[in-house]
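What follows is a structure written as structure tokens; I'll ask about it next.
All chains are named by letter (A, B, ...) in the order of the sequence lines, taking the proteins before the strands, and each is independently numbered beginning at 1.
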Protein chains: 2
Amino acid sequence: MAPGERRDAIVAAALAIARRKGLAATTVRDVASEMGTSSGLIHHYFDSMDDVLAAAFDRAASDDLARTTEAIAEGTDPVRKLVAFFDNYSVAGSDWTFQLWLDAWAEAGRRPAVGATSERLNIAWQQLLAGTLKEGVAAGVFDCPDPDATAWRIISLLDGLSLQVVAHQATLARETVSWWIRSYAETETGLAAGSLG
Amino acid sequence: MAPGERRDAIVAAALAIARRKGLAATTVRDVASEMGTSSGLIHHYFDSMDDVLAAAFDRAASDDLARTTEAIAEGTDPVRKLVAFFDNYSVAGSDWTFQLWLDAWAEAGRRPAVGATSERLNIAWQQLLAGTLKEGVAAGVFDCPDPDATAWRIISLLDGLSLQVVAHQATLARETVSWWIRSYAETETGLAAGSLG
DNA sequence: AACCTTGTTGCGCGCTTGTCCAACACCCGA
DNA sequence: TCGGGTGTTGGACAAGCGCGCAACAAGGTT
């Protein structure tokens, strides 16, 4: 086994648990059990459990981001790209992935390392969307005076609504949220109602 | 000491700790130590720690809600009421109150009592805004086909943007967020640009 | 063959958590 | 004066945590 591969396996196992139980509830023994190894092994590759969890969150968000970036890169039609963005945004996947974001946002103000990671990834998501918008504007498909600001607003509305879906499961229906977001994005980009499905 | 007063003192102590360390990191012993009493006392007034944290969060958020409700009730002009709502929404006050919301959303999935409280208060805020919108519609000032849905969207955008301000302090400026929200509310209510200041 | 590095094990120490409980203090009505 | 709620204490408890450590396995170097 190549060096670093074992490390990756630990992160992957930690992530699997975290998606299932939440970041805070993921323990050294959980990870070891998931891998079928001993708990001491984890400490051989990581100085502390905090480091493992930070790496797991980083990877979860990075993976989602990479997958979404790829999905967007495939098409050429700006409208399709926008749809791909919404289909891949974190809450569209597992609820626990979004729960990871909730955990990160709550801890961001108190733990600098977590805050830096979540800020970096949040900005990366915003830039992905902003880039898509800019392409659409350049192609004459979107009418959007300030794509950067629009991207922040769309992502924030998405986060705010997703938050209700994940934290309070009965308050808002997932389909309703999806519909509202698409409508809002149409307004912000000057698309005709229903363009985003 | 009047009955219930001791209970309030526990809630106040728990709130003080929660603001300092976070809702999730607040322990029975922390609260007892803050009060200068024993840990057993907390369980004499509360069935579980979950209940204590829920009560602490409840108090912080309820205070904000009551203050905002009062501020809105003072005026008669729907536009002024809407402005009052934005001026009093939690992030407009102290960052630490909004930080408690972040904590509560993250903990909602793990602590049933906290989840129920945050859901209830979220809905209360939404209804306060929805009520204001409905009044405006009845008065012919707002043009808003579905005030309930609009209220959810405005609050979610507000939460999503506030989240960035509080969790990642350098990413978005508070004034920018305030401006975006007002613009969005104008769009949703058919008000002329700049009506909300 | 002897040795050292590296990977891995599994146990257990020390600590913290929420919860429970027996005991004590106090005060008010009988 | 007595009795019994009520408030309060402080510690015991089991469970769970991260972490360190002595020991063993295996392979490469000398």
Side-chain angles (χ1 to χ4, degrees), chain A residues 1-58 99-100 103 106-107 110-114, chain B residues 1-58 103-104 106-117:
Chain A
M1 196 171 289
E5 204 169 312
R6 200 75 172 152
R7 214 183 137 94
D8 285 350
I10 293 175
V11 174
L15 189 50
I17 304 286
R19 285 196 207 277
R20 206 178 308 147
K21 300 177 51 178
L23 246 204
T26 302
T27 73
V28 181
R29 288 166 177 80
D30 285 336
V31 177
S33 165
E34 174 84 6
M35 296 180 67
T37 61
S38 70
S39 71
L41 188 68
I42 278 79
H43 284 94
H44 187 259
Y45 288 92
F46 290 88
D47 286 342
S48 74
M49 191 55 192
D50 266 5
D51 293 346
V52 177
L53 297 180
F57 170 65
D58 197 314
Q99 176 73 47
L100 294 186
D103 290 342
E107 287 299 310
R110 285 181 274 259
R111 286 173 46 187
V114 176
Chain B
M1 196 171 290
E5 203 169 313
R6 199 78 176 158
R7 214 183 135 94
D8 285 350
I10 293 175
V11 172
L15 190 51
I17 304 284
R19 284 197 203 275
R20 204 179 311 146
K21 299 177 51 179
L23 217 49
T26 303
T27 72
V28 183
R29 286 162 178 83
D30 284 337
V31 178
S33 165
E34 174 85 6
M35 297 178 66
T37 62
S38 71
S39 72
L41 187 69
I42 278 80
H43 281 92
H44 186 258
Y45 289 92
F46 291 88
D47 287 342
S48 72
M49 192 56 195
D50 190 8
D51 292 343
V52 178
L53 296 180
F57 169 68
D58 192 325
D103 290 342
E107 283 300 300
R110 292 183 274 268
R111 298 183 185 267
V114 172
T117 302

Which atom pair, heavy atoms only, marks the closest approach of B:Val28 to B:Ser39?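 What the structure gives for the nearest pair is CG1-O, 3.8 Å.
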Any residue in residues 34-41 of chain A with a heavy atom nearer than 4.0 angstrom to DNA chain C? Just list them by number, or reply none. A:Thr37, A:Ser38, A:Ser39, A:Gly40, A:Leu41
From CZ of B:Arg29 over to P of D:dC13, roughly how many Å is that when rounded to an integer? 14 Å
Protein-nucleotide distance (B:Met49, atom CE; C:dG18, atom P), rounded to Å: 6 Å
Between B:Asp8 and B:Glu5 (side chain of the first, backbone of the second, donor and acceptor by atom type, cut-off under 3.5 Å), is there such a pair?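 Not at all, since once roles are kept as given, no pair shorter than 3.5 Å links the two residues.
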Determine yes or no for a side-chain-to-main-chain donor-acceptor pair under 3.5 angstrom, with A:Ser33 supplying the side chain and A:Arg29 the backbone.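 Checked: no pair found.
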Taking CZ from B:Arg7 and C1' from D:dT6, how many angstroms apart are they, rounded to a whole number? 16 Å
Could you grab the distance from atom CG of A:Leu15 to atom CG of A:Leu53, nearest 0.5 Å is fine? 10.5 Å
Using five pairs at either end of the helix from C:dA1-D:dT30 to C:dA30-D:dT1, determine the angle between the two local helix axes and round it to 10 degrees.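 Both end axes considered, the difference amounts to 30°.
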Using a cut-off of less than 4.0 Å, is there contact between a side-chain N or O of A:His43 and OP1 or OP2 of D:dC19? yes
A:Arg6 charged N/C atom sitting above A:Tyr45 aromatic ring, 6.0 Å / 45°: no
Given the rule in the side chain to side chain contact (heavy atoms under 4.5 Å, CB included) test, do B:Thr26 and B:Arg20 qualify, once you have shown the distances and angles that lead to the verdict? CA-CA 9 Å; B:Thr26 303; B:Arg20 204 179 311 146; over 6 Å; no
Would the distance check show the side chain of A:Asp103 and the main-chain N or O of A:Leu100 forming a donor-acceptor pair, the cut-off being under 3.5 Å?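 Side chain of A:Asp103 to backbone of A:Leu100: no pair is present.
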Which whole-number value in Å describes the distance from A:Ile42 CD1 to D:dC21 P?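 In whole Å, D:dC21 P and A:Ile42 CD1 are 18 Å from each other.
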Take atom CD of B:Glu5 and atom P of D:dT8, then tell me their distance rounded to the nearest Å. 11 Å
Quick one: is C:dT8 close enough that its OP1 or OP2 comes under 4.0 Å of any side-chain N or O from A:Arg6?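 Yes.
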Among the nucleotides D:dG18, D:dT8, C:dT8, whichever has the atom closest to the side chain of A:Val28 is D:dG18
Report yes or no: does A:Asp51 contribute a side-chain atom to a donor-acceptor pair with the main-chain N or O of A:Phe46 at less than 3.5 Å?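 Side chain of A:Asp51 to backbone of A:Phe46: no pair is present.
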Whole angstrom is fine here: how far is it from CD1 in A:Ile10 over to P in C:dG7? 11 Å
Can you tell me how far P of D:dG18 sits from CG of A:Asp50, to the nearest Å?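 It is 10 Å, rounded to the nearest whole Å.
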How would you label the contact of B:Phe46 with the nucleic acid (heavy atoms, under 4.0 Å): base, sugar-phosphate, or nothing? nothing
Would you kindly give the NE2-to-C1' distance between B:His44 and C:dC24, to the nearest whole Å?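 In whole Å, C:dC24 C1' lies 13 Å from B:His44 NE2.
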For a quick test of reading the model, state the closest non-hydrogen atom pair linking B:Ala14 to B:Val52 and the distance between them. CB-CG1, 3.8 Å
